[in-house]
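Below is one structure, written out as structure tokens; the observations come after it.
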Amino acid sequence: MTDTVLASLADGVLTLTLNRPEKLNAFNEEMHLALRAGFQRAHDDSQVRAVLLTGAGRGFCAGQDLGDRDPRKGGPAPDLGQTLETFYNPTLRLIRSLEKPVVCAVNGVAAGAGANIAIACDIVLAAKSAKFVQAFSKIGLIPDAGGSFNLTRILGEPRAKALTLLAEPLPAATAADWGLIWKAVEDEALLPEARALAAALAAGPTLGLGLTKRLIQAAATNSLDQQLDLERDCQREAGRSADYAEGVTAFLEKRKPEFKGQ
Ligand code: T3D
């Protein structure tokens, strides 16, 4: 059987490649479990200092495999609240709570939950030919996989509502102009750029980068007072790290720092 998610670790970067190209990498149960296992490994393995998520073939991810939801096959209607709780939400929580950078290279169409998993990552690069489709309303569903939260927070209500109600494809260049993603790049530059970015992050001060991620995410819901307290606590922790000592020493010695991720 083919692996539905390819995983490889090199130079601190765990690359996870969604691998059901004939279905534009739509999620079946096996792919859900494999992706979740990949992000769990990123949590557990100190050798992993950054994650790179991408898709095999011409698509990034077309969301749920609708072949597995075919009403014509009969039987009771599935409880989709339960499928979110069982399959999508744990992965979303693992991505957001991972205190290591997650780079997403959107190599082609990202639809439904596929689009929303991409935008939940920390730094999103997309090929210029890629597009983001909030496909849910076309089949009578609502935006999930954190989409209603992230789209609204990043874009504001007018654009979040138009994208989700109309389900019109959003080209990568517009997604970048709107600040939904970091960058749209030439198709052939996507993987080289994403790999270089992930490698640079993996060579960085992992603890400080993880705390930074925690802070930026917390700012969405914290008051200024709460955020100032959190900055104080995180800076205290960062200030005790070996990487901070190395960073300052390297600066004073006018050389490149060699961060160990501690
Ligand atoms: O169910 C739950 O657990 C709740 C959670 C839901 C989360 C969700 O993600 S709901 C949203 C599900 N996704 C969609 O509705 C997107 C459906 N796909 C599309 O709208 C289009 O395929 C795309 C816009 C993504 C791409 O269009 P295009 O023209 O580039 O490609 P295509 O020809 O439509 O698709 C290529 C093949 O992939 C095709 O198969 P074939 O005809 O070559 O054998 C197509 O059927 C297959 N495919 C694409 N998306 C899915 C899919 N097969 C199963 N499920 C899919 N989602």
Side-chain angles (χ1 to χ4, degrees), residues 4-5 16-20 23-40 42-43 51-55 59-69 78-98 102-126 130-157 159-170 172 175 178-182 213 217 220-221:
T4 51
V5 176
L16 300 173
T17 305
L18 306 175
N19 189 35
R20 301 186 72 220
K23 301 275 181 193
L24 302 179
N25 304 317
F27 276 99
N28 62 5
E29 290 193 6
E30 191 189 335
M31 195 172 97
H32 272 296
L33 296 178
L35 185 62
R36 189 197 307 173
F39 279 105
Q40 189 62 57
H43 275 258
V51 176
L52 172 58
L53 175 64
T54 192
F60 171 70
C61 175
Q64 177 60 40
D65 188 325
L66 297 176
D68 291 349
R69 298 283 181 266
D79 175 349
L80 299 189
Q82 189 58 49
T83 61
L84 292 188
E85 206 45 50
T86 307
F87 295 112
Y88 287 96
N89 293 354
T91 299
L92 256 291
R93 291 189 174 111
L94 282 174
I95 294 172
R96 300 297 286 183
S97 63
L98 179 65
V102 181
V103 175
C104 185
V106 181
N107 51 299
V109 66
N116 291 339
I117 284 173
I119 64 171
C121 296
D122 302 318
I123 300 189
V124 185
L125 300 179
K131 55 193 175 180
F132 296 81
V133 195
Q134 294 296 320
F136 308 92
S137 65
K138 296 247 185 219
I139 55 168
L141 291 185
I142 58 93
D144 59 21
S148 62
F149 181 84
N150 285 320
L151 288 168
T152 312
R153 194 169 51 90
I154 300 166
L155 299 178
E157 271 195 35
R159 284 173 169 165
K161 281 182 181 157
L163 285 177
T164 51
L165 296 175
L166 301 174
E168 283 180 9
L170 183 72
W178 288 5
L180 184 63
I181 64 169
W182 173 236
K213 173 172 173 174
Q217 290 178 180
T221 48

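The residues of the chain are indexed from 1 along the displayed sequence. Computation of the quantities below employed the complete heavy-atom set of this structure, encompassing side-chain atoms and omitting hydrogens, waters and symmetry-equivalent molecules. What you see is a predicted model, and the numbers here were worked out from it, not measured in a lab.
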Partner residues of K213 under the salt bridge (charged side-chain N to carboxylate O under 4.0 Å, His left out) criterion, sequence neighbours left out: D122
Taking atom CD of Q217 and atom CZ of R96, what is their separation to the nearest 0.5 Å? 3.5 Å
Quick one: pull up OG1 in T54 and CG in L18 and give me the separation to the nearest 0.5 Å. 7.5 Å
Close side-chain approach of L170 to L163, heavy-atom, < 4.5 Å: yes
For the pair R20 (side chain) and A26 (backbone), establish whether a donor and an acceptor sit closer than 3.5 Å, ignoring hydrogens and angles. yes
Sub-4.5 Å side-chain heavy-atom contact between D144 and Q64: no
Return the set of residues passing side-chain contact (heavy atoms from CB on, under 4.5 Å) with L165 (not counting sequence neighbours), or none when no residue passes. K161
Is any side-chain heavy atom of I154 closer than 4.5 Å to a side-chain heavy atom of W178? no
Donor-acceptor pair, side chain of N25 and main chain of A62, under 3.5 angstrom: no
List the residues meeting ring-ring contact (aromatic ring centres under 6.0 Å, His included) with F27, not counting sequence neighbours, and say none if there are none. H32, Y88
Measure the spacing between CZ of R153 and OG1 of T221 and express it to the nearest 0.5 Å. 8.5 Å
Report the residue from I123, L52, V51 that forms a side chain to side chain contact (heavy atoms under 4.5 Å, CB included) with V102. V51
Would you say that V103 contacts W182 through its side chain, given a criterion of any heavy-atom pair below 4.5 Å between the two side chains? no
With no hydrogens and no angle check, is any side-chain donor or acceptor of N116 less than 3.5 Å from a backbone partner on G146? no
Identify whether the distance between the nearest side-chain nitrogen and carboxylate oxygen of E29 and R36 falls below 4.0 Å. no
